[in-house]
Amino acid sequence: MIKYGLIGAGMMGQEHLANLNLIDGAEIAAIADPDQGSLNGARAMMQNHAHHPVTYYDQYQEMVARENCDAIILATPNHTHFQIVRDLAHLETAILIEKPVCTTMADAQALVMLEETASCRLAVGLEYRYMPPLTQFINRAHAGEAGPVRMLSIREHRFPFLPKVDNWNRFNENTGGTLVEKCCHFFDLMRHILRDEPVRVYASGAQDVNHLDETYDGRTPDIIDNAFVVVDFRGGARAILDLCMYAEGSEQQEVIHVVGAQGKLEVSIPGADVTWSPRDKSGPFVEHVDTPEKAMLAGQHHGATYFQLQAFHQAVTAGEPFPITVEDGIRSLEMGIAAHRSLATGQAVSLPLEDTPYRT
Ligand SMILES: NC(=O)c1ccc[n+]([C@@H]2O[C@H](COP(=O)([O-])OP(=O)(O)OC[C@H]3O[C@@H](n4cnc5c(N)ncnc54)[C@H](O)[C@@H]3O)[C@@H](O)[C@H]2O)c1
């Protein structure tokens, strides 16, 4: 058995619990959250599933002092990730940090230094790669079906940010900004699909529709709700992110294309179709990719949380590194920060950033 602790039992923390409950050999031993509503939600979920006692804590410091967890899931608000990881660095445990790994380049630099001396092993929850239709799309793109990919387009048309505990996600200072908070997933997908690093980012976007009629302690939320982000990659491929967060009527939330000299490959979520359209016009050929029902029902992310946790659990069990690293987390963060700097200046921003921990 691998003994798990959870820090942060809100929406995503509870999704982790639901999925860990499906994984053989995963025992959730302890859960920490200062918010009683979140702890009660976690308790209700564990009552239906747990075959062993779970201990609940208000403070994660007390949890880690009393429990000896093999693995910890960190699902607290974005701006708390770095400080909590710093507090846990002395533990001999594996930590899955929810995305974004942190929210500033200063914390990213400090995290890289911390990891060099830490006793804990770190992994980052950039889980979109694990949605079964997307995994299949990526495998087919990597197999070269479309030819070397020259163009990649990611369209995310979805509902506005949901309410969160203490409304932390309404302000850039807590989230890192929309292009970090939400879009680190898509920047990670760009790097993963293209197997390359970005050299230039240009972004245009604004807060045009959402949250403008809300106030918290006299402040109106400052998070953008739409953007186009163009990214040039070192090898010459180019990518675009088309983000709209007031498109809840959209049939497909994500539509991703790669195009190369042989043709176009496309995937849609939730449609779960991978469509191949060769240039000879013999297509389109549609493959529907099913996701197991238990994984679909255990979360809001088309099975991604289940398959990510399965991979994490396997890595912890085998004592091997998790495929998604702190470097992946920081590079996706850096792309989001570069996009926000581009929004602020109206200019394209070169990568790597001056304040990155990675010079190449
Ligand atoms: N992988 C994904 O697709 C995905 C989806 C949603 C959220 N997330 C990430 O998960 C994290 C949590 O988001 P959420 O949607 O669950 O937010 P949430 O507000 O629903 O839950 C956050 C919880 O963390 C708790 N918390 C705050 N400070 C804490 C501390 N010091 N110790 C313990 N608990 C603390 C809060 O009380 C709250 O219960 C964020 O980093 C978010 O970006 C990832």
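Whatever order the structure lists ligands and atoms in, that order sets their numbers, starting from 1.
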Does His185 reach ligand 1, in the sense of a heavy atom lying below 4.0 Å from it? yes
To the nearest 0.5 angstrom, please state how far the CG atom of Leu17 sits from the CE atom of Met46. 6.0 Å
His81 heavy atoms, cut-off 4.0 Å: which ligand 1 atoms fall inside? 41 (O)
What residue and atom, counting heavy atoms only, is the protein's closest point to atom 20 (O) of ligand 1, and at what distance? Met11 N, 2.9 Å
Relative to the heavy atoms of Glu127, which atoms of ligand 1 are at a distance of less than 4.0 Å? 1 (N), 2 (C), 3 (O)
I'd like to know if Lys99 and Glu181 make a salt bridge, using a cut-off of under 4.0 Å between side-chain N and carboxylate O. yes
Any Gln308 heavy atom less than 4.0 Å from ligand 1: no
Say whether, by atom type as modelled, one donor and one acceptor occur between the side chain of Asp328 and the main chain of Thr325 under 3.5 angstrom. yes
Just to confirm my output: which protein heavy-atom neighbour is closest to atom 26 (N) of ligand 1, and how far is it? Pro77 CD, 3.8 Å
Who's closest to atom 34 (N) of ligand 1 heavy-atom-wise, of Cys184, Pro34, Gly299? Pro34
Which residue and heavy atom of the protein sit nearest atom 19 (O) of ligand 1, plus the separation: Trp168 NE1, 2.9 Å
Number the atoms of ligand 1 from 1 as they appear, then name those within less than 4.0 Å of a heavy atom of Ile7, with their elements. 32 (N), 33 (C)
I need the nearest protein heavy-atom contact for atom 11 (C) of ligand 1: residue, atom name and distance, please. Thr76 O, 3.3 Å
Using the ring of each side chain (for Trp, its six-membered ring), is Trp168 parallel, tilted or perpendicular to His79, with breaks at 30° and 60°? tilted
Run the salt-bridge test on Glu173 and Arg219 with the 4.0 Å N-O cut-off and return the result as yes or no. yes
Ligand 1-proximal atoms of Glu181, by part, heavy-atom distance under 4.0 Å: side chain
Verify whether one side chain among Gln310 and His313 offers a donor that lies under 3.5 Å from an acceptor in the other. no
Do Asp33 and Tyr60 meet the criterion of a side-chain donor-acceptor pair at a distance under 3.5 Å? no
Shortest protein contact, atom 15 (O) of ligand 1 (heavy atom only): Lys164 NZ, 2.6 Å
Provide, to 0.1 Å, the distance between atom 32 (N) of ligand 1 and the closest protein heavy atom, together with that atom's residue and name. Tyr60 CD2, 3.6 Å
for atom 21 (O) of ligand 1, nearest protein heavy atom and its distance come out as Gly10 CA, 3.3 Å
Name the orientation class of the two ring planes belonging to His211 and Phe161 (parallel below 30°, tilted from 30 to 60°, perpendicular beyond 60°). parallel
Closest to atom 22 (C) of ligand 1 (heavy atoms only, candidates Gly8, Ser38, Ala75) is Ala75
Should Asp196 and Arg191 count as an ion pair when the cut-off is N to O under 4.0 Å? no
Region of His301 engaging ligand 1 - heavy atom pairs below 4.0 Å: side chain
Record the part of Ala32 in heavy-atom contact with ligand 1 below 4.0 Å; permitted values are side chain, backbone, both and neither. backbone
On a heavy-atom basis, the closest approach of Phe187 and Ala339 is CZ-CB, 4.5 Å
Heavy-atom donor-acceptor pair, Glu266 side chain to Val258 backbone, under 3.5 Å: no
Between the candidates Asp33, Val101, Val165, which shows the shortest non-hydrogen contact distance to atom 23 (C) of ligand 1? Asp33
Does Arg170 pair with Glu214 as a salt bridge, N-O distance under 4.0 Å? yes
Which segment of Met12 sits under 4.0 Å of ligand 1 when only heavy atoms are counted: both
Which protein non-hydrogen atom lies closest to atom 42 (C) of ligand 1, naming both residue and atom, and how far is it? Asn78 OD1, 3.5 Å
